[in-house]
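Remember, predicted model here, so these are calculated numbers, not experimental data.
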Amino acid sequence: MNNNPLDDIVKCNIDISSPASNNATFDSILLVVKGPEASGEKVMNKTTAISQADELLDYGFTTEDTAYIAACVAFSQDPAPDSIYICIRKETSRESEATAYEDVKDTLARAQAEAQFYGIHLTEFGDEADVQAAVSWAEANDKIFGFEYTDITNCPVKNFSFYRSFGLFSGKADGYGEGEQPIENEYAALAWMAKCFGYEPGTETWNMKELAAIVPSVLNVNEKKTLEENKINSFRRYAGSNVTFGGNMLSGEWIDVIRFRDWLKAEMQANVFQALKVNRKVPFTDNGIGLIEGLMEATLAKGQTIGGIAPTEYDDDGNEIPGFTVTAPQASDFTEEERKSRKLSRCRYTARLAGAIHIVEIHGNLTF
């Protein structure tokens, strides 16, 4: 005997909501390189990801090319990147003595249209004009740019007010004479970026990091002072260990703070977008506003868990010092015209950065 369909009595529809995807990345690096002189089995006609340096050999690069050496330096770090992006800077003309290339900003814009990256390194393009162009482009496009230089009297940047670019002096290598320099030191900023991008944003400081393949600099007191005053980082030897010293952007802001800020912004945007997407609607009521407020709190709590935001602490009197606070308006705080616009504003938060300890001063007294 056939049954009548239950749809006659119980109508049941089920929506499947797919999660929103957060495409932001904070561990990927772009290398801008010169193209290979010879043809390879493959052609690199767009920005391409590689997971080991030897993959470049398939594209016609040799083990002597700067792109290959730079990739080896990046993949030598611990933690090492899973992959790095390679973008060939296009030639515009070639003469017997010189080759002209497209503007660095055009190269970076083309790469951004082809791949998602966060860090930038110019491999073999370290003159002042190219570095300054990359500094400006990174600032305008929410990326991080790192450069190194080996002539302590000739820093390729003169404007130190940028928040998304850092410099690393890697000259005066220990054990090398005047005019000599280990080739790997020409990619010291790349090595530093590759290592620190291996840590989750908010969990790291860029100070006191060991770098594989890089030789530390031997600096006198005045040279150290000059670099520190200009917020230029360095790689030095302390207590038998070779470590980075500093961790600053050109402006003086900490590199890890900028990276964590970018992560927090992307995470909060993605979480709120997810709520607007999966709900049939988020009403302009106290409940709807509370949903957004709760997502802000959840994002900040995650930032607190990974170590970017300070935990709740207490002063000497036992008063609570929260790691973060979130405030959101009530629906009644908005005019009819504001509610009609469907734009929720005045959602705010404050958070205390956990920061990091780089230098310690200890004072003691011994008595009999």
Side-chain angles (χ1 to χ4, degrees), residues 13-30 47 49 82-83 85 108-109 111-120 137-144 163-164 197 199-204 256-310 322-354:
N13 294 310
I14 300 176
D15 294 331
I16 298 178
S17 297
S18 59
S21 175
N22 184 0
N23 292 325
T25 174
F26 303 99
D27 60 0
S28 54
I29 300 173
L30 174 75
T47 304
D82 293 329
S83 62
Y85 286 105
L108 295 174
Q112 182 168 238
E114 298 171 343
Q116 292 182 337
F117 57 90
Y118 184 60
I120 303 167
W137 193 90
E139 195 78 15
N141 289 274
D142 293 343
K143 309 296 184 185
I144 286 180
Y163 283 80
R164 292 186 166 275
F197 276 12
Y199 305 114
E200 288 289 328
T203 68
E204 91 286 13
D256 58 272
V257 168
I258 297 298
R259 187 167 176 249
F260 176 71
R261 183 190 67 179
D262 289 347
W263 173 87
L264 186 64
K265 173 184 175 181
E267 191 77 5
M268 192 166 292
Q269 285 177 326
N271 288 342
V272 173
F273 174 77
Q274 170 78 351
L276 298 176
K277 175 180 178 294
V278 301
N279 288 282
R280 187 163 296 181
K281 79 169 182 177
V282 177
F284 211 134
T285 62
D286 286 344
N287 285 340
I289 296 171
L291 173 62
I292 303 300
E293 183 180 11
L295 291 169
M296 293 171 63
E297 291 176 346
T299 304
L300 293 165
K302 183 177 180 180
Q304 195 175 56
T305 299
I306 64 177
I309 295 174
F324 65 84
T325 58
V326 176
T327 59
Q330 294 181 310
S332 59
D333 295 332
F334 293 90
T335 66
E336 183 178 348
E337 183 178 355
E338 287 174 327
R339 291 194 298 272
K340 186 177 180 180
S341 73
R342 301 193 172 188
K343 179 181 178 181
L344 175 62
S345 59
R346 303 197 287 278
C347 296
R348 297 183 174 89
Y349 71 86
T350 60
R352 294 188 298 114
L353 290 169

- Query: Between F260 and G202, what is the shortest heavy-atom contact and its length?
  - Reply: CD1-CA, 3.5 Å

- Message: Test of understanding: with salt bridge (charged side-chain N to carboxylate O under 4.0 Å, His left out), list the residues that count as partners of D262, not counting sequence neighbours.
- Response: R164

- Query: Which residue pairs pass the salt bridge (Lys or Arg N to Asp or Glu O under 4.0 Å) test when at least one of the two sits in residues 341-354, sequence neighbours left out?
  - Reply: E313-R352, E338-R346

- Minimum heavy-atom distance between L291 and A275, given as atom pair plus value: CD2-CB, 4.3 Å

- Tell me, please, which residues at least two apart from R259 pass salt bridge (charged side-chain N to carboxylate O under 4.0 Å, His left out). E204

- Query: Which value, rounded to the nearest 0.5 Å, describes the distance between L353 atom CG and I309 atom CD1?
  - Reply: 7.5 Å

- Item | side chain to side chain contact (heavy atoms under 4.5 Å, CB included) against K302, all qualifying residues, sequence neighbours excluded | W263, E267

- Task: Apply side-chain hydrogen bond (donor to acceptor under 3.5 Å, both in side chains) to S28 and list each qualifying residue two or more places apart in sequence or on a separate chain.
- Result: T25

- Could you list the residues that satisfy ring pair (Phe, Tyr, Trp, His ring centres under 6.0 Å) with F197, not counting sequence neighbours? Y118, W206

- Would you please name every residue forming a side-chain hydrogen bond (donor to acceptor under 3.5 Å, both in side chains) with T325, sequence neighbours left out? T350

- Item | For V326, side chain to side chain contact (heavy atoms under 4.5 Å, CB included) partners two or more places apart | E293, M296, E297, L300, F324, Y349

- What pairs with T203 under side chain to side chain contact (heavy atoms under 4.5 Å, CB included), at least two apart in sequence or on another chain? Y199, E200, I306

- Query: What residues form a side-chain hydrogen bond (donor to acceptor under 3.5 Å, both in side chains) with E114, not counting sequence neighbours?
  - Reply: T47

- Task: To the nearest 0.5 Å, tell me how far L344 CG sits from R339 CZ.
- Result: 12.0 Å

- Note on the structure: For Y163, the ring pair (Phe, Tyr, Trp, His ring centres under 6.0 Å) test, sequence neighbours excluded, returns none

- Over all heavy atoms of both residues, which pair between A138 and I120 is shortest? Give the atoms and the distance, please. CB-CD1, 4.4 Å

- Note on the structure: Between T299 and the options M268, K265, Q304, the side chain to side chain contact (heavy atoms under 4.5 Å, CB included) test singles out M268

- Task: Grab the two heavy atoms, one from F117 and one from L108, that are nearest each other, plus how far apart they are.
- Result: CZ-O, 4.1 Å

- Under the side chain to side chain contact (heavy atoms under 4.5 Å, CB included) test, which residues partner A298, sequence neighbours left out? none

- Query: How many angstroms lie between CG in D333 and CD1 in I289, if you round to the nearest 0.5 Å?
  - Reply: 7.5 Å

- Query: Has D286 got more than 12 heavy atoms of other residues, nucleotides or ligands less than 6.0 Å from its CG?
  - Reply: yes

- Item | Nearest non-hydrogen partners of F334 and S345, listed with the distance | CZ-O, 3.5 Å

